[in-house]
Amino acid sequence: MKSVIRKVASFAGVSVAVAAMSVTGTSAAHAESPTQGCPYPWVCFYVDNNALLAGTPISKYQDVTSGYQAVTPRPHYGVLNTRNDDVVYLRLQSGGSICLSPNSQTVFANAYVVTGIKISSSSTC
């Protein structure tokens, strides 16, 4: 349980950085410094807490697509969306999907496996 709490606390630090970016009102056209190794305008996957803290994502996605891009199915630790105006849909192996708002992230328990990603130009889920 402590491991899960530490992981959530680590990602909470990322959310503060992401929230700070959105409060400053930086333009989508402006290149921003990388957040946890994930530069604007990418969506990054991290395999574990060490990768997150080291700023070494396991994979990155940037293209807006009409369908899902395949993601190697594995229990991803977390996903960070650094895009200012675009939402991200994550398809789950168990069925269904979740939506990440712009400049947000999520942490997965080992029970959830992401199998696809779709970046949409919509600014709301």
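Any value given below was found using the heavy atoms of this structure, including those in side chains, with hydrogens, waters and symmetry copies removed.
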*Asks:* Of all heavy-atom pairs between Leu92 and Ile98, which one has the smallest distance, and what is that distance?
*Replies:* CD1-CG2, 4.2 Å
*Asks:* Check whether Asp63 reaches the backbone of Thr65 with its side chain - one donor and one acceptor, N or O, closer than 3.5 Å.
*Replies:*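 Judged by distance alone, no pair lies under 3.5 Å.
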*Asks:* Verify the cluster assignment for Trp42 and Leu52: are they in a single hydrophobic cluster under the rule of side-chain heavy atoms below 4.5 Å apart?
*Replies:*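 In one cluster with Trp42: Leu52, no.
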*Asks:* On a heavy-atom basis, which atom in Pro73 and which in Thr115 lie closest, and how many Å separate them?
*Replies:*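 Reported closest heavy-atom pair: CB-CG2, 4.2 Å.
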*Asks:* To the nearest 0.5 Å, how far apart are CG in Leu80 and SG in Cys44?
*Replies:* 6.0 Å
*Asks:* Any side-chain heavy-atom pair from Ile58 and Tyr46 closer than 4.5 angstrom?
*Replies:* no
*Asks:* Where do Tyr61 and Gln69 come nearest, in terms of heavy atoms and distance?
*Replies:* CD2-OE1, 3.7 Å
*Asks:* To the nearest 0.5 angstrom, please state how far the OH atom of Tyr89 sits from the OG atom of Ser122.
*Replies:*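 Tyr89 atom OH to Ser122 atom OG measures 5.5 Å (nearest 0.5 Å).
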*Asks:* Transitively linked via ILVMFWY side-chain contacts under 4.5 Å: Val88 with Tyr68?
*Replies:* no
*Asks:* Determine whether a donor-acceptor pair (N or O, by modelled atom type, separation under 3.5 Å) exists between the side chain of Ser59 and the backbone of Phe45.
*Replies:* no
*Asks:* Please report the shortest heavy-atom distance between Gly55 and Pro57, naming the atom on each side.
*Replies:*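 What the structure gives for the nearest pair is O-CD, 3.3 Å.
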*Asks:* Run through Asp86, Val87, Leu90 and flag the one making a side-chain contact (heavy atoms from CB on, under 4.5 Å) with Leu100.
*Replies:*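 The residue from Asp86, Val87, Leu90 that satisfies side-chain contact (heavy atoms from CB on, under 4.5 Å) with Leu100 turns out to be Leu90.
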*Asks:* Which atom pair, heavy atoms only, marks the closest approach of Pro41 to Arg83?
*Replies:* O-NH1, 2.7 Å
*Asks:* When clusters are formed by joining ILVMFWY residues with side-chain heavy atoms under 4.5 Å apart, either directly or through shared neighbours, do Val71 and Val43 land in the same one?
*Replies:*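 Linked, Val71 and Val43 end up in one cluster.
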*Asks:* Under 3.5 Å, is there a donor-acceptor pair between the side chain of Gln93 and the main chain of Val113?
*Replies:* no
*Asks:* Write down the atom of Lys60, the atom of Pro39, and the distance for their closest heavy-atom approach.
*Replies:* NZ-CD, 4.1 Å
*Asks:* Are side-chain N/O atoms of Asn103 and Asn81 paired as donor and acceptor at under 3.5 Å?
*Replies:*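 The criterion, which ignores hydrogens and geometry beyond distance, is not satisfied for Asn81 and Asn103.
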*Asks:* Nearest 0.5 Å, what's the OG1-CD distance between Thr56 and Gln36?
*Replies:* 9.5 Å
